[in-house]
Structures are given as structure tokens and as C-alpha cells.
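Below is one structure, written out as C-alpha cells; the observations come after it.
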Amino acid sequence: MADLEAPQSKSRDLDKLLLRAGNLVGPDFYPGTEVKALISQLSIVSSSFSDFVIRLLSLRVLVVGAGGLGCELLKDLALSGFRNLDVIDMDRIEVTNLNRQFLFRLEDVGKPKAEIAAKRVMERVSGVEIVPHFSRIEDKELEFYNNFNIIALGLDSIEARRYINGVACGFLEYDEDDTPRRETIKPMVDGGTEGFKGHARVIVPGVTPCFECTIWLFPPQVKFPLCTLAETPRNAAHCIEYAHLIKWHEVHGGKSFDPDEPEHMKWVYDEAVKRAELFGIPGVTYSLTQGVVKNIIPAIASTNAIISAACALETLKIVSGCSKTLANYLTYNGGEGLHTKVTEFVRDKDCLVCGPGILIELDTSVTLQKFIDMLEEHPKLLLSKASVKHGKDSLYMQAPPVLEEMHRPNLSKSLYDLMGRVQKDTVHVFGTALKNEEKQSSLTKLRVVFKGADGVADMDTAIGA
Amino acid sequence: MIGLFKVKEKQREQAQNANRGGASVKKQSAGELRLHKDISELNLPSSCAISFPNGKDDLMNFEVSIKPDDGYYHNGTFVFTFQVSPVYPHEAPKVKCKTKVYHPNIDLEGNVCLNILREDWKPVLNINTVIYGLFHLFTEPNSEDPLNHEAAQVLRDNPKLFETNVRRAMTGGYVGQTFFPRCI
Ligand SMILES: [Zn+2]
């Protein structure tokens, strides 16, 4: 309560956004102290609160990653008035993190990042409640992610981003006319940095492009030819990669290299030094070894701070409606001078992850064989020799023969049973499709709805058989 | 502006339906999906065969055996292991030769020097291209990109001796100090 009545010093800038109306605000935005109270989850529930306020009371934000960006994000969100945050990270604090992951101290080395980050921000920002999750993102149940209204990403890997993107888009449902159902939209705000460069983007599944729609945005990793490493190394990175990719296996046989094991890293470094001396190449250092092996570009604290600030602001805008959100991809380059630009990327309407897919209604008795036959007749698909995949399970593979044989027993089973007797779910089908009278390889997303299953669907778009 | 929070009540209702709707299945990666498609579209010469040691539930790790019908390596059988990451096809599959082979472009630990596996990988390439690339290494071993330095030198300087060495290795025997198990 004190927060609201106190002089406006601490939250002066926030007040300008939340307490005033404006031309750029969203349609649902009602300026006033209520919004501010809500984002902060102050426990001053009053009977005078409007529906708008009540609706926002269960607002929860998940921060994925508690590293360079994650530390900044947690701090920024807490200082922006968010009071209900969760943070997930599987890593423990290392000495080399301390220069930029400012929430950590020397005595924290070895402890889980998520726990210490949560603790430190709670100590410094009064009233904020942060629940840490020391866990791999893949180890959480999917329903865990459904508990949050917004997911803010401070990650450094494409793989992790792709995973969260898949999860968030997995909650998205479409109406019969392929419009996304608003209540199923799980927005993401994503930050990424590499040295002096960074990006911030807003992903509203079903509305703006998801990671998969624009996967080509990520530059390919630089890989040196093995024979160059073995025969004609020309720079320090070549020597390090030689030690890491070739020498390690030569000496250690089957033992796999673990980049997080300091002894392994030291071994690779020592070997790289020997190699560099042999070829008269300068520049092999321990930190370069780490950088090359783990494929990291040195992180710059100020880049993290700038990108994270952009992400926190977007999160606040999505939640409060106090302004239009970024549309939809901001790049920042502080390498030479400063350059920023916002680009509006477009969705891939056939995206296998966020796209609507083709709606198909089936009886629960339909066998997998019958389903595959139907795909060939379906006017929008004309898909022959289809293979079928449901989540991680492949239900049928037409080829190669060894896999076809393993899946063949499924053909006579009902699709409903094979899909775990859910009323509706996504499957992916691939095979040869007839497009513009030409046979093409095709991979398509389908929304399968079972008639007569629990909670009967009232959709009238039936399969065109 | 998307007006996300106008529909909170519906969200509650949706949560109650959550167990009936989707989202209960283990998440697949988009990379896995693409891989499955690649595998179903494999178009291999009869001298190549694919197998899945971990069964049908793990297609991300598989083996390809190549039995060249021509050239120095005629009638040998060479097994390659493929490890495909969830980031596929952004990243090339990791390929190793399981069979110990006397070959200029494959070292004794099974590392393979094939450009499309490293510097020239592009997401439009697929498993089929990689297998053809590997097949090509046996029909036309190449002394310019050596991983096995000695073998490359022999191939360049004395192709007859190279042929003899390959035969000796494939039938099980020593080439220099190195023993090669029989693979023919
Ligand atoms: Zn998409």
C-alpha cells in the first residue's frame, strides 16, 4: 500500500506509462493506479476493483534463463513493478560468469543460478516474489508452462529457443475458420546477444512469426573442414578444434568430451598449445579455447542490459496494453557506433509449429490405414503414401522397409487409440502431394478432432471423403 | 494490440479442458519432424542400407552400411553411425565411421572428412545427400583432403601400393603398424 501513496520517485517513469492515456495505447488499456497495482500484485484487493483488475490478478511471468540476460531481465521486470515471477535455469554459477551476471558473488560459485538470482532480486526489490526452478526446460511438464501469461527468454541456444517455442505454440488453438483463439495465445518476448550485437523480439503465436517461421534468421555456425584441422592449421581456432575434435578421441577413445568439465577443457587447451607451437601459430589462450569449443562469443554486459531493457518494456506493454508492442524484431549493433532497426517479419502461414494446419474431423473408430487412405482423397491434401507422426511417436512410416515393418501393426489400430484417446490433437503427415498437377514432397500439420469423444466437437468441417 | 487479458474466464475453462485436449503428448522437436521426413524419403542405392539399433522410437541415432560395388573398396562393408541433433537441419548430422578403414579421408578414430558434414552443410541438404557423399568417398578417395596422412600419400605417389594396402586392410591385416579387422 505504501508503494502507491509514496512520493513518485521510484516509479516516476513507470507512472508516465501506466497512469496516463495516450494515442498508442491498446484497446483494453485503462490508465490508472489499478493497472500499476495489478502488475505489482499488491495485496490490496478492494471491492472497487474493476473486472479488468480482477482479471489481471493471476498474472504470472516466466523468465527462461538466469545467465547474462536472465539476471538483467529479472531485475528489470522486478523494478518495472512485476511482483510474481518464476525463473528457470539448469546451470550452476561459474567464476567466469561473475563479470556480467551481476546478481552472483564469489561465494555463490557452484550454486544454481536460478536460486541465487531469485534470492538476490528479492533481497533488493521489496515485495517481489520469485520462484526459482533449478531444472532443464525439457524436464518440466508442459502444463507448467501453461501457468504463465508471458514467457520472457534470455537464452543463448537455438535448441532451447526452439523447444520453448514449440511448447508455447503447442497451447495455441484455432477456431473453425483458422483464427487463433485469443485465450490460448502464449506470448513470448525473446532477447539474444552476441558480443556487441543483440536482438529483442515479440512473438505472439498465431499473430506474429514464431521462431520456426524465421529459423533462417540464425546464422549457420562456422565449421572448419576436418582435413584443414588435421593437415594445414592456419590459426589458433584451428589448433583448438584439432585438439577438441580429433586429438581427444585419438587419446581418450570412447570417453566423450564434456565442455563443462574443467579438466577436459584444460586438456584440450594444453594440446592446442602444443599444436600451435608445432606450426608456429600464436594466440591460443584458455579463454579462447573455451570460446571456440563452446562456440561462445564473449558476452558484453552493456549489450545484455540494453537488450533486456527492451524485452522488459515489451513485456510490460503486452501485459498492460499501455502501448503498441514492438513489431516485431529489433536488432541492435553497438560494435562501431550504434545502429538499431526494427523489422516486421511475416508469418509462414504453413508453419508446422504455429500455423493452423488443416482441420480434420474423424470418428473414433477410424483405423490408421483408413486415415491414411482418407488423406489421399482429401481435396486440400491429395497426399499419397503418407507417413504419420504424433508428437514424439511416429505412428506409421512408409519407408524405409525396415521402419515400415516395425510400424505395420499400427495400421489396423484406431487412430483414436494410437493418439492416446485425446479428443483433439495435432499430427504431422508427410508423403507425396499433388500440387498444381505436380507431385511434390510435402509435410503438413493437421488438427485432428474426434467426433463422439469426450466433450463432443461441434465443428462441421468434416473430412472431404 | 492483442488484448490478451480480456478473456481470462475462458482461460479458466480451457484449463479444465486441458486434459481432454492436446498438449498431453511429449513434445517433438521440429528437427525431429524434418528428420523423419528425410528418412521416409531416402532413396538409397542397393549397396547402402540403413538400420535403427535403438528401434523405431529413436530415429535420431541410426547406422548406415555401405558396400561399394566398384573401385578400391569393392565388396567391403563400412558402417557409419549418424547422430542427429534436435537443431537439425540447422546443424549437420554427426557422422562417424564405425569400421576401421584404411582411407585417406577417414582417420583411424572414424572421423570423416566430407565437406557437406562441416563447412559446406546447408539446411536444404538432407540425409540422402550425406549418404551419397559417403558413398562417393569410397568410389573416389581423395588425396587432397587427407585425414589419414600416410594413406593419402600412398594414394598420391603409388596407387598400386594403395590398392594392395586397401585389400590387405579389408581382408584383415596390418598396414604398417596398424591392424585393420576384416570387413569383407
Ligand atoms: Zn511459426
Side-chain angles (χ1 to χ4, degrees), chain A residues 26-28 55-56 142-143 146 149 158-159 162-163 166-167 170-171 182-185 187 204 207 212 215 218 221 223-227 230-231 245-246 249-250 318 321 324 352-353 387 389-392 394 397-400 402-403 406-407 420 422-426 428 430 441 443 454-455, chain B residues 1-11 14-15 17-18 20-34 36-37 39-42 44 49-52 55-57 59 85-87 90-92 105 107-113 115 117-119 121-123 145-147 149:
Chain A
D28 303 328
R55 278 195 297 267
L56 281 177
L142 295 180
E143 261 325 288
N146 212 5
N149 304 82
I158 301 177
E159 186 177 341
R162 263 185 131 175
Y163 181 82
V167 172
F171 297 122
R182 270 208 311 196
E183 69 275 20
T184 65
I185 294 177
V204 183
V207 183
E212 221 60 49
I215 189 80
F218 293 98
Q221 284 174 22
K223 298 238 164 149
F224 308 116
L226 282 184
C227 28
E231 285 293 309
L245 294 172
I246 298 176
H249 295 284
E250 217 174 286
I318 294 175
K324 281 185 187 164
L352 294 172
V353 177
S387 300
K389 199 160 184 288
H390 173 238
K392 265 203 156 331
S394 66
M397 291 280 280
Q398 296 277 356
V402 45
L403 285 180
M406 289 188 217
H407 290 95
V422 290
Q423 187 239 325
K424 58 184 175 192
D425 207 354
T426 298
H428 288 95
F430 42 101
S441 149
L443 171 55
D454 233 7
Chain B
M1 190 52 51
I2 49 173
L4 277 170
F5 301 101
K6 227 176 175 176
V7 277
K8 204 73 193 178
E9 304 80 32
K10 279 198 190 163
Q11 206 166 44
Q14 183 216 357
N17 286 334
R20 280 187 279 154
S24 55
V25 185
K26 256 282 177 242
K27 212 75 219 157
Q28 71 179 334
S29 68
E32 200 179 342
L33 191 54
R34 158 70 192 269
H36 280 216
K37 177 169 175 277
I39 288 176
S40 77
E41 289 174 350
L42 282 178
L44 299 178
I50 187 169
S51 65
F52 299 88
K56 70 179 169 65
D57 296 326
L59 305 192
S85 91
V87 195
H90 192 76
E91 231 171 57
N105 313 115
D107 72 15
L108 300 174
E109 274 66 51
N111 294 307
V112 183
C113 190
N115 62 336
L117 285 176
R118 308 228 3 124
E119 71 275 19
W121 172 258
K122 300 272 177 315
D145 298 329
L147 263 189
H149 192 82

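Within every chain, numbering begins at 1; the chains are lettered A, B, ... in the order of the sequence lines, protein sequences first and strands thereafter.
Only the side chain of B:Leu59 comes within less than 4.5 Å of a heavy atom in chain A; its backbone stays farther off. The part of B:Asp107 that comes within reach of chain A is its side chain, from C-beta onward, which places non-hydrogen atoms under 4.5 angstrom from that chain. When heavy atoms are compared at a cutoff of 4.5 Å, A:Leu443 approaches chain B by way of both its backbone and its side chain. Neither the backbone nor the side chain of B:Asn115 comes within contact range of chain A; no heavy atoms are under 4.5 Å apart. With a 4.5 angstrom heavy-atom cutoff, A:Met406 touches chain B via backbone and side-chain atoms both. Only the side chain of A:Glu212 comes within contact range of chain B, with heavy atoms under 4.5 Å apart. With a 4.5 Å cut-off on non-hydrogen atoms, A:Ser441 touches chain B through its backbone and its side chain both. Only the side chain of A:Val402 comes within contact range of chain B, with heavy atoms under 4.5 Å apart.
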Carefully, step by step, assess B:Asn111 and A:Leu245 under the rule side-chain contact (heavy atoms from CB on, under 4.5 Å). CA-CA 9 Å; B:Asn111 294 307; A:Leu245 294 172; 5.9 Å; no
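Applying the side-chain contact (heavy atoms from CB on, under 4.5 Å) criterion to A:Pro225, with sequence neighbours excluded, gives A:Cys227, A:Thr228, B:Glu119.
A:Ile246 and A:Ala230 get closest at one heavy-atom pair: CD1-CB, 4.0 Å. The two residues A:His390 and A:Thr426 have their closest heavy-atom pair at CD2-O, 3.4 Å.
The shortest distance between side-chain heavy atoms of A:Arg162 and A:Ile215 falls below 4.5 Å. Residues A:Met397 and A:Phe430 are in side-chain contact: their nearest non-hydrogen atoms beyond the backbone lie under 4.5 Å apart.
Between chain A and the residues B:Glu91, B:Glu41, B:Glu109, the largest count of heavy-atom pairs under 4.5 Å involves B:Glu109.
Put simply, the side chain of A:His428 gets close to the backbone of A:Leu352: a donor and an acceptor are under 3.5 Å apart.
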